[in-house]
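Inspection log for the structure reproduced underneath, given as structure tokens.
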There are 2 protein chains.
Amino acid sequence: MTTRGARAAGRGDLFDPQCPTRQLLDRIGTKWTSMAVKTLADAAPDEVRFAELRRRMPGISQKMLSVTLRSLTRDGLVSRRVDPTVPPQVSYRLTELGSSLEAALAGLRTWAEEHMAEIDRANEAADEG
Amino acid sequence: MTTRGARAAGRGDLFDPQCPTRQLLDRIGTKWTSMAVKTLADAAPDEVRFAELRRRMPGISQKMLSVTLRSLTRDGLVSRRVDPTVPPQVSYRLTELGSSLEAALAGLRTWAEEHMAEIDRANEAADEG
DNA sequence: CAGGATCCGGCTGGATACTG
DNA sequence: CAGTATCCAGCCGGATCCTG
């Protein structure tokens, strides 16, 4: 629910014990999650190594890529395979669950590509128009 | 891009000057935005007054409802109508643009309702399984 | 190579008090 | 009634340094 904090001021979040949509948005809403899913989806069914993933996600730091992938792996959206060589090679790939999420995200992307310009215009109009 | 800050450390976000999807996620990812859109969509085509909206969004504070609505209005997703009585009455309604966003969000909601349980299970499994 | 640990600034959002 | 203003805690995420 995002309305974390367990006891929340007085009441408030007892009404919807767990809203799945908010739980989902709390994940894909973080800065790099959706880009990681997209990047892995574009590569599928191939797996992608950490460094390559980093290269394909301009601007992400080593830390945030690591954090993002760990989170996705915990969620069962991404599978992680370690090749115990020296130096180690770690590869990632979307799971089936991850692929189905990507399909759902594609809808949002389409909407964004079609309509974000309108939102921008609305903002400019509000600024002074 | 979220990678705000215009000049970003060195380079990094120059590669995708404006990713519409991130811009969108930066909006609907905020805590109350999607719930507000959903609540207004459920009421459509009727408009909803501030206080009533507040009642229908358990847990939201006056401030956050105000901030959320102002943002949605600026984005052209919600229209705002003021009835200049005393005390004033202000009503909100989804615009067409807002309705189309709601349609896109519905896809995410469906996915969330169908799959969040799997994600929860994956997390439990990771915790100790 | 992959990623853990640490430090820290900035933004998000909650509580509270005050207005037209 | 419908906000706005202020204060402040907590979390997100960036930079940097270190390791198997």
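Chain naming here is simple, since letters A, B, ... match the order of the sequence lines and numbering starts at 1 in each.
Hydrophobic clustering (ILVMFWY, side-chain heavy atoms < 4.5 Å, transitive): A:V86 and A:F50 are in distinct clusters.
For the pair B:R81 CZ and D:dC1 C1', the computed distance is 15 Å after rounding to whole Å. Distance B:R54 CZ to D:dT4 C1': 14 Å, rounded to the nearest Å. When rounded to the nearest whole Å, the span between CD1 of B:I28 and C1' of C:dT12 equals 17 Å. Rounded to an integer number of Å, the gap from B:L65 CG to C:dT12 P is 18 Å. Spacing between atom CZ of A:R22 and atom C1' of C:dT12 amounts to 12 Å, rounded to whole angstrom units. We find that CG of B:D83 is positioned 16 Å from C1' of C:dG20, with the value rounded to whole Å. Remark: P of C:dT12 and CD1 of B:I60 are 15 Å apart, rounded to the nearest angstrom. B:L25 has its CG atom 15 Å from the P atom of C:dT12, to the nearest Å.
Counting non-hydrogen atoms under 4.0 angstrom, A:T30 reaches the backbone sugars and phosphates but no base.
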Between the protein and nucleotides 2-5 of chain C, which nitrogen or oxygen pairs come in under 3.5 angstrom?
unit_1, atom_1, unit_2, atom_2, d
C:dA2, OP1, A:R49, NE, 3.1
C:dA2, OP1, A:R49, NH2, 3.1
C:dA2, OP2, A:A51, N, 2.8
C:dG3, OP1, A:R80, NH1, 2.2
C:dG3, OP1, A:Y92, OH, 2.9
C:dG3, OP2, A:Y92, OH, 2.9
C:dG3, N7, A:Q62, NE2, 3.4
C:dG3, O6, A:Q62, OE1, 3.4
C:dG4, OP2, A:S66, OG, 3.4
C:dG4, OP2, A:R70, NE, 3.2
C:dG4, OP2, A:R70, NH2, 2.5

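Between A:K38 and A:E102 no salt bridge is recorded (no basic side-chain N to carboxylate O distance below 4.0 Å). Salt-bridge annotation for A:R93 and A:D46: absent, with no side-chain N of the basic residue lying under 4.0 Å from a carboxylate O of the acidic one.
Nearest to the side-chain atoms of A:M64 among the listed nucleotides D:dG14, C:dG14, D:dC1 stands D:dG14.
Residues A:T30 and A:T33 have side chains that bring a donor and an acceptor to within less than 3.5 angstrom of each other.
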Show me the side-chain donor-acceptor pairs of residues 56-67 of chain A shorter than 3.5 Å, one per line, residues at least two apart or across chains.
unit_1, atom_1, unit_2, atom_2, d
A:R56, NE, A:E52, OE2, 2.6
A:R56, NH2, A:E52, OE2, 3.2
A:S61, OG, A:M64, N, 3.1

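Within 6.0 Å of CD on B:E96 lie no more than 12 heavy atoms contributed by other residues, nucleotides or ligands.
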